[in-house]
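See below for the structure under consideration.
What you are looking at is a predicted structure, and each value in this text was computed from that prediction instead of being measured. These numbers come from the heavy atoms of this one structure, side chains and all, not from hydrogens, waters or symmetry mates. This chain uses plain numbering: 1 for the first residue, then up along the sequence.
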Amino acid sequence: MAFDEIRSLAAKLESDIANGPIVPTVTPHEIRRHLAARYDFSKPLDLDEVGADVEAMLHTWQVHVTHPRYFGLFNPGVTVASIVADTLVAMYNPQLATWRTSPAANEIERHTLAWLMGKFGFPPTAIASFTSGGAEANLSAVIVALTRAFPAYGQQGLRGLSASPTFYLTGEAHHGAIRTVATDRHLRMDLGDLARRVAADRRDGGAPFMVIGTAGTTGAGAIDPLPELGRFCRSENLWFHVDAAWGGAAIISPRLKGHLAGIDGADSITCDAHKWFSVPMGAGMFFCRHPDAVGEAFRVETSYMPGKTAGPTHDPYTTSVQWSRRFIGLKLFLALAEHGESGYVEMIEHQTRMGDVLRDALQGAGWRIVNTTPLPLVCFTRDGLDTGRFLSALYQRQIAWMSEVRLAGGDPVLRACVTSFRTTESDVEWVVREMGKLT
Ligand SMILES: Cc1ncc(COP(=O)(O)O)c(C=O)c1O
């Protein structure tokens, strides 16, 4: 395959995007009119022409998340190797449901996951799989933890349980909470409040089974106190899941990994390759210390699927949510192989430095920083700021893409996360200077 062609296409696209607008202005009506005028599918069209038209649509009508001045919601700039990987996968279309259908692809995924599993301090006996994203990885954790705590759940479902299962996370965690635990002033889970809630639920006949700590919250990059949460969960016999969907990549950085201390005590971990590992969507990962619990949770036997592959392997459809499975892991494997661990550390630490530059530049320009995190995510505001109006002006002038967030239910503030390894110091300084000109 001509990798060079993809490489030069990707390089051209990278520079086109970097020099073009970030935020589109388009209405649904405009796009629908365009589609209706050209594509009624009544007759075949020339692929080159359609491809060019689709590319033009993507180019013009999209927030460019790979732009160096996209400071957004964890969608990364992507490495060329990972683009090549997705192309290869589409061409060969391997089916990873069973080991024996795709031995090479399954072993490549296993090899890649084992590397990261070791970094998280999990034993080689742990089990891992690629997922469509963080939501699926978190769902996997809930299913496995439920099955472990309530063996009847797999057969009878939740209604068959005599007590109501409860799990705990903070309001800063990624999804709606079942039990929302209070946070401290740095937006980290408050252990005292957690302990009180678990005790109260037990007293009321509930059945606490799981605590979800977040390592790098979506809003503010806060890292829950992982060592303390691990100790608490062990003493209370609760499953400890760490959602490190974005922040987990920090584990490979000598400079940052100390902030994830205690993650090795988790029962399971979510970490997304399609966030800070800079590969295209969708590529999540689910790691679990207890292969037996995973096997129990996803156990399935049907006459139409091939029987279990013999030997030291497992068939992914019996250990994860997905059945038909794309070869998700190749994009991380190929990018890691091309850049090496040191290349990845450099990317992650570069982005962290850009986060520091952004924080300093904002402070220097009179903005107030309102979050505390070692990760490159800055939440900030100033007196009298109307975030909605400010962001409209920011987008309209194509200065940058940022978002707004309410931390701990407070007023909206601005949120900027360095998500591209191509963001430079001059990008950051230019953006802060231009922001100063907006009212
Ligand atoms: C902390 C955290 N967990 C989970 C998710 C969900 O991941 P995904 O969008 O890959 O499903 C996100 C998404 O931003 C996240 O920030």
Shortest non-hydrogen pair, G20 vs H67, comes out as O-NE2, 3.3 Å

Check: R415 and L377 side chains under 4.5 Å, non-hydrogen atoms:
yes

Determine whether C417 and L73 make a side-chain contact, defined as any pair of heavy atoms from C-beta on separated by less than 4.5 Å.
no

Distance col, row H59:NE2 vs D16:CG, nearest 0.5 angstrom, shows 5.0 Å

Is there a donor in the side chain of S320 and an acceptor in the side chain of R325, or the other way round, less than 3.5 Å apart?
yes

To the nearest 0.5 angstrom, please state how far the CD1 atom of I369 sits from the OG1 atom of T381.
10.0 Å

Once you round to the nearest 0.5 Å, how far does CD1 of I6 lie from CG of L13?
12.5 Å

Please name the pair of heavy atoms, one in V428 and one in L358, separated by the smallest distance, quoted to 0.1 Å.
CG1-CA, 3.5 Å

Count the heavy atoms of every other residue, nucleotide or ligand shown that sit under 6.0 Å from OH of Y92, and state whether that count exceeds 12.
no

Any residue meeting side chain to side chain donor-acceptor pair (under 3.5 Å) with S82, in chain and number order, not counting sequence neighbours:
T79

Could you work out, with side-chain contact (heavy atoms from CB on, under 4.5 Å) as the rule, every residue matching V80, not counting sequence neighbours?
R7, A10, V84

Would you call D272 and K331 a salt bridge, taking side-chain N to carboxylate O under 4.0 Å as the test?
no

Salt bridge or not for R197 and D193, using N-O below 4.0 Å?
yes

Quick one: closest heavy-atom pair of L260 and G247, and the distance?
CD1-O, 3.7 Å

Check against side-chain hydrogen bond (donor to acceptor under 3.5 Å, both in side chains), D53 and H34
CA-CA 10 Å; D53 183 46; H34 179 88; 3.0 Å; yes

For a 4.5 angstrom cut-off between non-hydrogen side-chain atoms, does Q95 reach S324?
yes

Without swapping roles, check the side chain of S235 against the backbone of F232 for a donor-acceptor pair under 3.5 Å.
yes

E136 and T131 side chains, donor-acceptor separation under 3.5 Å
no

Donor-acceptor pairs under 3.5 angstrom involving side-chain atoms of residues 147-160: please list them, not counting sequence neighbours.
from : atom 1 : to   : atom 2 : distance (Å)
T147 : OG1    : I143 : O      : 2.6
R148 : NH2    : D292 : OD2    : 3.0

Does the side chain of T270 come within less than 4.5 Å of V242's, by heavy atoms?
no

Looking at E109 and L330, would you say the former's side chain and the latter's main chain have a donor-acceptor pair under 3.5 Å?
no

Do other residues, nucleotides or ligands put more than 12 heavy atoms under 6.0 Å from D46 CG?
yes

Got a second to check how far L96's CG is from S102's OG, nearest 0.5 Å?
4.5 Å

Has E434 got a side-chain atom pairing as donor or acceptor with I399's backbone, closer than 3.5 angstrom?
no

List the steps, then state whether side-chain contact (heavy atoms from CB on, under 4.5 Å) holds for T60 with V26.
CA-CA 9 Å; T60 323; V26 65; over 6 Å; no

Say you draw a straight line from CD1 of I127 to CZ of R110; how long is it, rounded to the nearest 0.5 Å?
10.0 Å

Test item: side-chain donor near acceptor, T424 and D427, under 3.5 Å
yes

Residues G282 and I328: closest non-hydrogen pair is O-CG2, 3.4 Å

L375 versus G221, closest heavy-atom pair with distance:
CD1-O, 4.0 Å

Only counting residues at least two apart or in another chain, list the ones meeting ring pair (Phe, Tyr, Trp, His ring centres under 6.0 Å) with H350.
none

Is there side-chain contact between L391 and E404, with heavy atoms separated by less than 4.5 Å?
yes

For the residue pair T423 and F71, establish whether any side-chain heavy-atom pair is separated by less than 4.5 Å.
yes

When you compare the side chains of T101 and T98, does any donor N or O come within less than 3.5 Å of an acceptor on the partner?
yes

For V294 and C288: C-alpha separation, side-chain torsions, deciding distance, then whether side-chain contact (heavy atoms from CB on, under 4.5 Å) applies.
CA-CA 8 Å; V294 170; C288 183; 3.6 Å; yes

Are side-chain heavy atoms of V198 and E236 found at a separation under 4.5 Å?
yes

Paired with T170, the side chain to side chain contact (heavy atoms under 4.5 Å, CB included) test is passed by just one of M189, R179, R188, namely M189

Main-chain N/O of V23 paired to Q398 side chain as donor or acceptor, under 3.5 Å:
yes

Is the H64-W401 ring centre distance short of 6.0 angstrom?
no

Could you give me the CA-CA distance, side-chain angles and deciding distance for M285 and S129, then say whether side-chain contact (heavy atoms from CB on, under 4.5 Å) is met?
CA-CA 6 Å; M285 292 173 278; S129 57; over 6 Å; no

When rounded to the nearest 0.5 angstrom, what distance separates CE in M354 from CZ in R422?
15.0 Å

Out of the candidates T218, T217, N138, only one should pair with D243 under the side-chain hydrogen bond (donor to acceptor under 3.5 Å, both in side chains) rule; please name it.
N138

Once ring pair (Phe, Tyr, Trp, His ring centres under 6.0 Å) is applied, what residue pairs with a partner in residues 234-281 remain, sequence neighbours excluded?
F74-W246, W239-H290, W246-W276, F277-Y344

Test salt bridge (charged side-chain N to carboxylate O under 4.0 Å, His left out) on R185 and D190; report intermediate values, then the result.
CA-CA 9 Å; R185 67 194 173 89; D190 176 333; over 6 Å; no

Is any NZ, NE, NH1 or NH2 atom of the basic residue among R353 and E346 found under 4.0 Å from an Asp or Glu carboxylate oxygen of the other?
yes

Minimum heavy-atom distance between T419 and G72, given as atom pair plus value
CG2-O, 3.7 Å

Are I263 and I269 packed together at the side-chain level, in the sense that at least one heavy-atom pair is separated by less than 4.5 angstrom?
yes

Examine distances only and state if a side-chain atom of D315 and a backbone atom of Y317 form a donor-acceptor pair shorter than 3.5 Å.
no

Can L394 and M402 be said to form a side-chain contact (heavy atoms from CB on, under 4.5 Å), step by step?
CA-CA 8 Å; L394 192 78; M402 295 176 188; 4.1 Å; yes

Side chains of residues 115-126: which donor-acceptor partners sit under 3.5 Å, not counting sequence neighbours?
from : atom 1 : to   : atom 2 : distance (Å)
W115 : NE1    : E341 : OE1    : 3.3
K119 : NZ     : E341 : OE1    : 3.1
K119 : NZ     : E341 : OE2    : 3.0

